[in-house]
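One structure is given here, and the rest of the page talks about it.
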Amino acid sequence: MGLCYTSGTTGNPKGVMYTHRSNYLHTFAAAMTDTFGLSRSDTIMAVVPMFHANAWGLPYLASMLGAKQVFAGPTMDGPSVCRLLADEKVTFTGGVPTIWLGVMAELQANPGRYDLSSLRKMVCGGSALFWALIDWFETNVGLEFI
């Protein structure tokens with residue numbers, strides 16, 4: 001078992017107990033073809049801290065599939081995330097709306113600077129998402145927003 005703490009995105013910070021079984025089942029569910037459609041040929045980047053809901057299980061999923069993993073580290077501003085997405089040719093990423101707003105702002109301020117053609121899917125959670133954000137990424141980056 002592990003005890004992780006939320007950052008309080010949707011309320012007060014709190015401890016959440018995870019069991020090995022819950023992580024195992026979550027990973028298998030995420031690895032199913034109909035869930036995200038990921039494979040070992042993907043490059044997965046979790047822009048979610050490991051202490052926050054176990055980074056949504058993305059590191060476990062990438063390990064199970066044998067996919068390349070990219071970690072954002074302590075700097076999750078728009079330019080840093082855009083550089084990693086482009087340099088590492090990320091195909092699937094996950095983060096909260098605040099992160100994607102920063103990425104969108106960086107891409108709008110620097111059109112053509114980052115090659116995100118490898119990016120196919122992006123998952124977002126943690127707080128309410130704006131339809132304008134989804135539409136912008138799907139239209140301008142050409143990816144599927146999950």
Side-chain angles (χ1 to χ4, degrees), residues 2 4-16 18 22-146:
C4 295
Y5 289 87
T6 71
S7 60
T9 307
T10 57
N12 291 327
K14 56 196 152 295
V16 178
Y18 291 94
S22 70
N23 284 340
Y24 178 82
L25 293 174
H26 179 270
T27 301
F28 267 93
M32 294 176 70
T33 306
D34 291 342
T35 305
F36 295 128
L38 300 173
S39 72
R40 68 181 182 154
S41 63
D42 282 293
T43 299
I44 300 171
M45 183 168 100
V47 193
V48 183
M50 286 295 289
F51 67 84
H52 183 76
N54 288 315
W56 299 345
L58 294 178
Y60 305 116
L61 173 61
S63 294
M64 182 181 151
L65 296 174
K68 176 180 171 181
Q69 295 186 63
V70 177
F71 293 99
T75 310
M76 296 186 197
D77 58 85
S80 299
V81 172
C82 285
R83 271 193 304 277
L84 278 173
L85 290 169
D87 292 349
E88 299 296 332
K89 300 195 181 327
V90 173
T91 60
F92 181 88
T93 186
V96 296
T98 306
I99 296 294
W100 304 133
L101 285 170
V103 168
M104 183 175 75
E106 175 65 12
L107 293 173
Q108 289 173 330
N110 298 287
R113 181 175 184 181
Y114 304 97
D115 177 8
L116 301 184
S117 60
S118 61
L119 190 59
R120 295 182 344 220
K121 295 181 182 178
M122 178 184 288
V123 66
C124 190
S127 62
L129 187 57
F130 314 102
W131 282 111
L133 184 70
I134 296 170
D135 184 56
W136 190 89
F137 272 99
E138 288 182 345
T139 302
N140 296 284
V141 181
L143 56 83
E144 180 183 358
F145 215 107
I146 301 171

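The first residue of the sequence shown is numbered 1, and numbering continues consecutively from there.
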*Which pair of non-hydrogen atoms, one from Ser39 and one from Ala67, has the smallest distance, and what is that distance?*
O-CB, 3.7 Å
*Pair Leu84-Val90, side-chain contact (heavy atoms from CB on, under 4.5 Å): steps then yes or no*: CA-CA 8 Å; Leu84 278 173; Val90 173; 5.7 Å; no
*Over all heavy atoms of both residues, which pair between Thr93 and Met45 is shortest? Give the atoms and the distance, please.*
OG1-O, 2.8 Å
*For Cys82 against Leu116, the heavy-atom pair lying closest together*: O-CD2, 4.2 Å
*In sequence, state the C-alpha distance, the side-chain angles, and the governing distance for Val48 and Val96, and then conclude on side-chain contact (heavy atoms from CB on, under 4.5 Å).*
CA-CA 8 Å; Val48 183; Val96 296; 5.6 Å; no
*Leu38 side, atom CG; Leu58 side, atom CG - distance, nearest 0.5 Å*: 8.5 Å
*Between Met76, Met104, Met122, which is the residue that forms a side chain to side chain contact (heavy atoms under 4.5 Å, CB included) with Ile99?*
Met76
_Nearest 0.5 angstrom please: Leu143 CG to Ile134 CD1, how far?_
11.0 Å
*So how far is it from Cys124 SG to Leu133 CG, rounded to the nearest 0.5 Å?*
6.5 Å
*Quick check: are there more than 12 heavy atoms from other residues, nucleotides or ligands sitting under 6.0 Å from NZ of Lys121?*
yes
*From Glu88 atom CD to Phe71 atom CZ, the distance as rounded to the nearest 0.5 Å*: 12.0 Å
*Does the side-chain contact (heavy atoms from CB on, under 4.5 Å) test come out yes or no for Tyr114 and Val81, once each step is laid out?*
CA-CA 11 Å; Tyr114 304 97; Val81 172; over 6 Å; no
*How many angstroms lie between atom CG of Leu107 and atom CH2 of Trp100, to the nearest 0.5 angstrom?*
10.0 Å
*Classify the angle between the aromatic ring planes of Phe36 and Phe92 as parallel (below 30°), tilted (30 to 60°) or perpendicular (above 60°).*
tilted
*May I have the step-by-step check of side-chain contact (heavy atoms from CB on, under 4.5 Å) for Arg113 and Glu106, ending in yes or no?*
CA-CA 9 Å; Arg113 181 175 184 181; Glu106 175 65 12; 3.8 Å; yes
*Please name the pair of heavy atoms, one in Gln69 and one in Pro59, separated by the smallest distance, quoted to 0.1 Å.*
OE1-CA, 3.2 Å
*Qualifying residue for side chain to side chain contact (heavy atoms under 4.5 Å, CB included) with Asp42, from Thr91, Leu61, Leu65*: Thr91
*Nearest-0.5 Å distance that lies between atom OG in Ser80 and atom CG in Leu85*: 10.5 Å
_Shortest non-hydrogen separation from Ala128 to Pro97 and the atoms involved_ = O-CG, 3.5 Å
*asked:* Give me the atom names and distance for the closest heavy-atom approach of Ala31 to Met64.
replied: CB-CE, 3.7 Å
